[in-house]
Structures are given as structure tokens and as C-alpha cells.
Amino acid sequence: MNTDVIVVGAGNAAFAAAASAQEAGLSVVMLERAPEDEAGGNTRFTAGAIRVAYDGVDDLQQVMPDLTPDEISQTDFGTYTEDQFFDDMGRITEYRTDPELCEQLVTKSRDTMRWMQNKGIRFMPIWGRQAFKVDGKFKFWGGLTVESWGGGEGLVEAWATIAKRNGITIKYNCRALSLIADDDGVKGVQVKDNGVTKELFAKTVILASGGFQANPEWRARYLGYNWDLAKVRGTRFNTGDGIKMALDVGAAPAGNWTGCHAVGWERNAPEFGEIAVGDGFQKHSYPFSIMLNANGERFLDEGADFRNYTYAKYGRVILQQPGCFAWQIFDQKVTHLLRDEYRIKQVTKVTANTLEELVGKLEDVNPEAALKTINEYNAAVNTDVPFNPNIKDGRGTEGLAIKKSNWANTLDEGPFEAYAVTCGVTFTFGGLRITPSAEVLDTDMNPIPGLFAAGELVGGLFYSNYPGGTGLMAGAVFGKIAGESAARSISTADA
Ligand SMILES: Cc1cc2nc3c(=O)[nH]c(=O)nc-3n(C[C@H](O)[C@H](O)[C@H](O)COP(=O)(O)OP(=O)(O)OC[C@H]3O[C@@H](n4cnc5c(N)ncnc54)[C@H](O)[C@@H]3O)c2cc1C
């Protein structure tokens with residue numbers, strides 16, 4: 001086989017890279033480690049929520065032409081300007097995000113989404129998860145407004161259809177093992193294709209094979225103590241292969257190698273994600289709860305910020321608790337606000353009519369301490385401030401060692417509901433060092449000829465935390481750029 005571009009992976013970043021390279025006139029072959037029925041990487045497990053800058057509903061209509069006048073009049077979409085996106089990336093990563101990569105992400109988000117839409121990917125507003133109806137009108141909050149039709153499954157299906165329609169070959173069950181490279185750069189990939197080891201040659205290679213979150217040994221090595229015990233939220237195939245292959249030919253690592261995106265996840269979930277459940281094991285309505293650990297104590301500010309800005313760092317805090325678990329507790333005042341994922345079959349849930357009964361049912365928790373914590377919390381809630389889930393309402397607690405800053409309601413209306421969670425790791429933040437043109441740099445900071453990268457395996461964008469919906473956008477932006485850069489490098493070499 002000899003082709004212009006080999007793209008390693010078949011998730012969102014890989015498909016964006018393949019589509020953009022093909023659009024530039026290149027022949028493209030994609031290598032997917034998974035069999036076809038498990039293909040699509042983490043992308044397939046997502047809800048398809050994608051963070052994009054927009055100045056108002058006009059911008060949104062360009063990517064969602066199906067929006068009706070009624071829907072528009074009943075919704076406050078607000079804005080999510082490039083400035084807001086920049087501010088979020090800065091604040092959430094503690095101003096560590098690579099400024100050049102961040103600039104690409106933010107300033108190219110709108111155009112990249114329009115490009116995806118023109119290619120045939122459909123989007124819709126995330127009514128169910130990112131907007132509550134207050135006084136007859138939906139209001140979006142937290143900078144996240146759009147999702148792909150059919151969630152992650154829909155997105156992968158749409159991308160695969162686009163790829164096949166455009167003559168892109170997808171080789172399933174074909175695991176990239178190493179890069180074929182010499183002093184002139186990368187020439188191809190050694191693969192295990194349906195069990196047979198082969199060499200595949202190409203003018204350029206784009207790596208888009210995800211992070212190392214599904215590799216417990218690397219998790220323990222880089223993320224540290226107890227990370228081998230975390231559940232993997234998504235695909236079992238992202239074990240760091242692309243990162244290792246690049247490092248082996250001299251690529252430079254970049255970013256937050258001890259950091260990752262990790263969330264509160266069903267305590268008894270299986271080791272890896274299940275496509276049929278998707279992201280349903282997550283439990284992201286905790287801003288309306290209090291969370292208790294085995295000692296019956298609260299251990300974080302559940303209402304510090306909108307879910308989109310805290311969920312990706314709270315998995316780590318849950319992992320640090322004794323036994324690596326916590327219970328989220330709700331009363332009847334807020335159960336109608338719980339996200340769809342609370343209503344799936346596979347939940348570890350208890351209900352009780354009284355708090356005394358509830359604490360006795362919280363498995364592995366000290367009941368006396370739990371009741372004391374709940375009573376102290378109830379006494380500390382400032383009920384003078386009105387509750388409003390659409391804004392950071394400032395309805396907090398007073399006098400507690402660990403404050404709840406927003407959305408604090410007393411727990412006093414049974415039946416009470418409690419859900420057990422542990423840490424679910426989504427993807428790792430450390431990865432390869434790339435230029436804003438998605439060229440992979442070597443340890444002397446020179447581009448490795450013929451090698452590009454996009455998606456989860458790129459380091460430098462996210463540190464400690466992450467604003468929800470940015471993973472898909474980062475993959476799409478840098479995937480598209482990688483395809484364009486591959487085309488440019490081939491035309492330069494051919495000239
Ligand atoms: C449950 C869950 C929910 C999420 N929800 C959202 C959301 O709503 N919005 C959002 O923006 N992000 C979300 N994310 C994060 C998002 O999934 C990722 O940021 C994004 O999908 C990464 O895209 P990618 O193309 O880089 O990697 P992936 O989609 O994981 O693709 C990697 C590909 O590489 C393949 N591969 C791995 N190793 C090899 C190899 N050696 N050879 C060949 N192929 C290989 C894999 O099989 C896969 O096809 C979620 C993640 C999970 C797990």
C-alpha cells in the first residue's frame with residue numbers, strides 16, 4: 001500500500017483530518033484498531049456536546065439551520081464570544097493552556113463547525129442538559145449550547161458516511177504499532193492488520209489515536225497513586241499507542257502528564273465504557289446535591305461553578321476519598337432537575353423517606369457522621385437567596401468548613417435519593433508537542449517531517465481541568481488543520 005496520508009485512529013479528530021486531507025486532493029487511508037462494531041473511539045461514547053464561539057443566535061442558525069422561529073423565541077441562547085471562550089480556557093486551566101494552540105482552538109471553532117456542517121454533520125441545541133426552563137423560557141448556561149445529532153454514535157456514523165462517500169478507506173482491526181521513519185522523516189506505519197504484521201507506506205502520517213487513559217500501567221505511572229483503580233469512561237483501545245510511537249521516533253512530550261479529565265461515575269460500572277450505556281454512567285447533577293464520603297463528610301464545594309467547569313476535575317477528588325467513592329444526595333425539591341443519566345437501569349441508588357433511614361442505607365458510609373454532616377449543612381443554607389439553576393445564584397452556605405457556593409437547598413423533603421459514584425477517567429492531558437499547524441515537534445523543537453497529530457493525544461491545551469465540550473472541538477479544529485498541513489507538506493515536497 002502506498003498512499004498520501006495514513007490517519008491513525010477513527011474518532012472525531014481522525015475523521016476531521018481525513019476529510020480535510022481528502023478535500024485537499026490527497027488519497028487517505030484510516031487505520032482503526034477496533035473492530036467495526038466497536039469503532040469510533042471515545043468520540044462514540046460522547047453526547048456530542050461541542051463548544052463553539054458564537055455572537056448570537058444568527059451564528060447558531062448557520063450550524064443549525066433546522067432551528068424554528070418558535071424554538072428561537074422560547075430560548076435565551078445568549079452569546080459565547082471568542083473572548084468568553086478564551087477566558088474560560090485561561091481560567092479553567094489556571095492560565096497554563098498553550099496560548100498558540102488555544103488561539104487556534106478558539107478562533108477556528110466557528111469556521112470548523114460550519115465546515116463540519118457543510119460536510120453533512122448535523123447539530124442541534126442541547127435542550128436537555130444545558131438549559132433549564134425558568135418562567136416559560138429556556139436559558140443556556142456554561143458556554144455549551146450545541147450537540148451533534150444522535151450524540152457520539154450519530155457523529156461517528158455521520159463521519160464514517162462522509163469518509164466512505166469520499167473514497168477514504170477505513171481499515172478496521174488494524175492496529176498501528178510503530179512509525180517507519182529515517183533521517184528524512186516519517187514514511188509509514190508498521191501495523192497489525194487483522195492479526196498480520198505489515199508495513200504500510202505513506203507520504204505523511206497523522207496520529208489521532210487518543211490518550212493513554214485505557215492503560216492502567218501508564219495511568220499509575222503518570223497520573224499516580226490509585227489511578228489504576230479508576231474506571232475508564234470510554235473506549236478500551238486508547239492505550240497511548242500513538243504517543244509512544246511518536247516518542248520512539250524522537251517526538252517531544254508536552255502538557256500536563258499528571259493531569260486528566262475525570263468525573264463522578266457510577267460506582268459499580270464496568271472497567272471500560274459500554275457503548276449501549278454511552279455516557280450514562282456519569283452523574284453530573286451534583287451541583288444540586290451534597291456529596292458524602294465514607295467518613296460521612298463533605299469534601300468539595302458541589303456548587304463552586306456550573307457543572308461544565310467543575311465536573312472534569314471532581315473525579316480526581318472522588319478518587320482521593322477513602323475507598324475512592326462518594327454518595328450524591330438529593331431531596332424532592334431538585335429531583336426533577338436531574339439529568340437523564342440518573343434514570344438509567346444501571347445505577348447504584350438508594351431512596352428513603354427520612355434522613356435517618358437514608359444514612360443507614362448508604363453502603364460503606366459512617367451513618368452517624370453522615371447525619372451530623374447533613375444536619376449541619378441544612379442549618380447553614382442561606383435560604384434568603386432565591387434558588388435559580390440557570391445562573392450562579394449565590395445561594396450558598398454560611399459558616400461551614402467546606403462551603404457550598406451556589407444552588408444550596410436544604411435536604412428536608414423526602415423521599416430522598418442517593419447515588420454512589422467513583423472516579424471515571426475520560427482522557428489524559430499529557431501528549432505530543434505540536435505546532436499551531438499540527439506538526440509534531442521533536443525534542444529539539446523542530447517539526448518531524450511527515451508527522452502530524454490531533455485530538456486527545458496532543459498535549460498543552462488542558463491543565464488540571466477542562467471546559468465541557470472542548471474535546472470534540474479541539475479534535476475537529478486540529479484534525480482539520482492536520483489534514484491541510486499534510487497536504488501543504490506534500491505539495492512542497494513535490495514542487
Ligand atoms: C463518556 C464520554 C463522554 C464524553 N463527552 C464529551 C462531550 O459531550 N463533548 C466533548 O467535547 N467531549 C466529550 N468527551 C471527550 C471526547 O470523547 C474526546 O475529547 C474526543 O472524542 C477525542 O477524540 P479523538 O479523535 O482524539 O479520540 P477518539 O475518539 O478516542 O479516537 C481515537 C481512535 O484511535 C483508535 N486507536 C487507538 N489506538 C490505535 C492504534 N494503535 N492504531 C489504530 N487506531 C488506534 C481508537 O480505536 C479510536 O478510533 C467524552 C468522553 C467520554 C469517554
Legend entry - By side chain to side chain donor-acceptor pair (under 3.5 Å) - contacts of Arg307 (at least two apart): His284
Legend entry - Ion pair check, Lys313 and Asp305, cut-off under 4.0 Å: no
Legend entry - ring pair (Phe, Tyr, Trp, His ring centres under 6.0 Å) partner of His261, the single match among Tyr463, Phe462, Tyr314, Tyr466: Tyr466
Legend entry - Sequence-distant partners of Gln332, side-chain contact (heavy atoms from CB on, under 4.5 Å), two or more places apart: Thr335, Glu413, Pro415, Glu417
Inset, instruction - Output all residues satisfying side-chain contact (heavy atoms from CB on, under 4.5 Å) with Val458, sequence neighbours left out; order by chain, then residue number. - result: Leu101, Ile434, Ala453
Legend entry - Crowding at CD, Glu157 (>12 non-hydrogen neighbours, <6.0 Å): no
Inset, instruction - Tell me whether the centres of the aromatic rings in Trp407 and Phe306 are closer together than 6.0 Å. - result: yes
Inset, instruction - Could you tell me which residues satisfy ring-ring contact (aromatic ring centres under 6.0 Å, His included) with Phe237, sequence neighbours excluded, listed by chain and number? - result: none
Legend entry - Exercise: do Asn308 and Gln130 side chains pair donor with acceptor under 3.5 Å: yes
Legend entry - Nearest heavy-atom neighbours spanning Gly152 and Ser148: N-OG, 4.4 Å
Legend entry - Partners passing side chain to side chain donor-acceptor pair (under 3.5 Å) against Glu271 (at least two apart in sequence or in another chain): none
Legend entry - Which atom of Leu457 lies closest to which atom of Ala454, heavy atoms considered: CD2-O, 3.0 Å
Inset, instruction - Kindly compute the distance separating CG (Leu319) from SG (Cys260), expressed to the nearest 0.5 Å. - result: 8.5 Å
Inset, instruction - Output yes when a side-chain donor or acceptor of Asn42 lies under 3.5 Å from a complementary backbone atom of Phe427, and no otherwise. - result: no
Legend entry - Under-4.0 Å salt bridge between Glu103 and Lys108: no
Legend entry - Under-4.0 Å salt bridge between Arg110 and Asp55: yes
Inset, instruction - For the pair Asp442 (side chain) and Ala251 (backbone), establish whether a donor and an acceptor sit closer than 3.5 Å, ignoring hydrogens and angles. - result: no
Legend entry - Flag, side chain of Arg33 to backbone of Ala176, donor-acceptor distance under 3.5 Å: no
Inset, instruction - Would you confirm whether Asn295, through its side chain, and Glu297, through its main-chain N or O, come within 3.5 Å as a donor-acceptor pair? - result: no
Inset, instruction - For the pair Thr43 (side chain) and Asn12 (backbone), establish whether a donor and an acceptor sit closer than 3.5 Å, ignoring hydrogens and angles. - result: yes
Legend entry - For Asn382, side-chain contact (heavy atoms from CB on, under 4.5 Å) partners two or more places apart: Asp384, Val385, Glu398
Inset, instruction - For residues Gly41 and Glu32, report the shortest heavy-atom separation together with the two atoms involved. - result: N-OE2, 4.2 Å
Inset, instruction - Let me know which of Leu155, Ile50, Val63 forms a side chain to side chain contact (heavy atoms under 4.5 Å, CB included) with Ile121. - result: Leu155
Inset, instruction - State whether Phe272 and Lys231 meet the cation-pi test: NZ (Lys) or CZ (Arg) under 6.0 Å from the six-membered ring centroid, and within 45° of the perpendicular axis. - result: no
Legend entry - Closest contact, heavy atoms only, Asn406 versus Ala304: ND2-O, 3.9 Å
Legend entry - Identified side chain to side chain contact (heavy atoms under 4.5 Å, CB included) counterpart of Phe45 within the set Thr235, Val232, Asp279: Thr235
Legend entry - salt_bridge(Arg51, Asp88) N-O dist < 4.0 Å: yes
Legend entry - Trp227 six-ring face occupied by Arg219 cation (under 6.0 Å, within 45°): no
Legend entry - Test side-chain contact (heavy atoms from CB on, under 4.5 Å) applied to Met291 and Ile318, step by step: CA-CA 9 Å; Met291 277 199 252; Ile318 293 168; 4.2 Å; yes
Do any side-chain atoms of residues 468-482 form donor-acceptor pairs under 3.5 angstrom with protein atoms, and if so which ones, sequence neighbours left out?
unit_1, atom_1, unit_2, atom_2, d
Thr470, OG1, Pro467, O, 2.3
Lys480, NZ, Glu484, OE2, 2.8

Legend entry - Check ion pair Asp135-Lys137 (N to O, under 4.0 angstrom): no
Legend entry - Spatial distance of atom CH2 (Trp265) from atom OH (Tyr311) [nearest 0.5 Å]: 11.5 Å
Legend entry - Test item: Asp98 side-chain N/O and Gly460 main-chain N/O as donor-acceptor pair under 3.5 Å: no
Inset, instruction - Test Tyr419 against Leu338 for side-chain contact (heavy atoms from CB on, under 4.5 Å), laying out the working first. - result: CA-CA 11 Å; Tyr419 297 81; Leu338 297 191; 4.0 Å; yes
Inset, instruction - Enter the distance from Leu461:CG to Arg96:CZ here, rounded to the nearest 0.5 Å. - result: 15.0 Å
Legend entry - side chain to side chain donor-acceptor pair (under 3.5 Å) against Ser437, all qualifying residues, sequence neighbours excluded: none
Legend entry - Nearest-0.5 Å distance, CD of residue Gln282 to CD1 of residue Ile344: 9.0 Å
Inset, instruction - Look only at the side chain of Glu71 and the backbone of Thr68, and say whether a donor-acceptor pair between them is shorter than 3.5 Å. - result: yes
Inset, instruction - Report yes if some heavy atom in the side chain of Glu217 is under 4.5 Å from a heavy atom in the side chain of Asp228; otherwise report no. - result: no
Legend entry - For Asp340, all residues meeting side chain to side chain donor-acceptor pair (under 3.5 Å), sequence neighbours excluded: Arg129
Inset, instruction - Show your working on side-chain contact (heavy atoms from CB on, under 4.5 Å) between Ile290 and Leu411 and close with a plain yes or no. - result: CA-CA 9 Å; Ile290 64 166; Leu411 288 164; 3.6 Å; yes
Inset, instruction - For Lys283 and Gly280, indicate whether the former's side chain and the latter's backbone hold a donor-acceptor pair under 3.5 Å. - result: yes
Inset, instruction - Could you tell me which residues satisfy side-chain contact (heavy atoms from CB on, under 4.5 Å) with Ala163, sequence neighbours excluded, listed by chain and number? - result: Phe15, Ile168, Ile170
Legend entry - The single option from Phe138, Tyr54, Phe140, Trp141 passing ring pair (Phe, Tyr, Trp, His ring centres under 6.0 Å) against Phe77: Phe140
Inset, instruction - Taking Lys404 for its side chain and Arg395 for its backbone only, find out whether a donor-acceptor pair lies under 3.5 Å. - result: no
Legend entry - Smallest separation among heavy atoms of Ser20 and Gly483, with atom names: OG-CA, 3.1 Å
Inset, instruction - Look only at the side chain of Tyr309 and the backbone of Gly142, and say whether a donor-acceptor pair between them is shorter than 3.5 Å. - result: yes
Legend entry - Inter- and intrachain pairs under ring-ring contact (aromatic ring centres under 6.0 Å, His included), touching residues 83-103, at least two apart: Tyr80-Phe85
Inset, instruction - Please determine, by modelled atom types, if Thr426 and Arg233 share a side-chain donor-acceptor pair under 3.5 angstrom. - result: yes
Inset, instruction - Tell me, please, which residues at least two apart from Tyr222 pass ring-ring contact (aromatic ring centres under 6.0 Å, His included). - result: Phe212, Trp218, Trp257
Legend entry - Distance-only donor-acceptor check, side chains Glu82 and Thr107, under 3.5 Å: no
Inset, instruction - Over all heavy atoms of both residues, which pair between Arg339 and Ser285 is shortest? Give the atoms and the distance, please. - result: N-OG, 3.0 Å
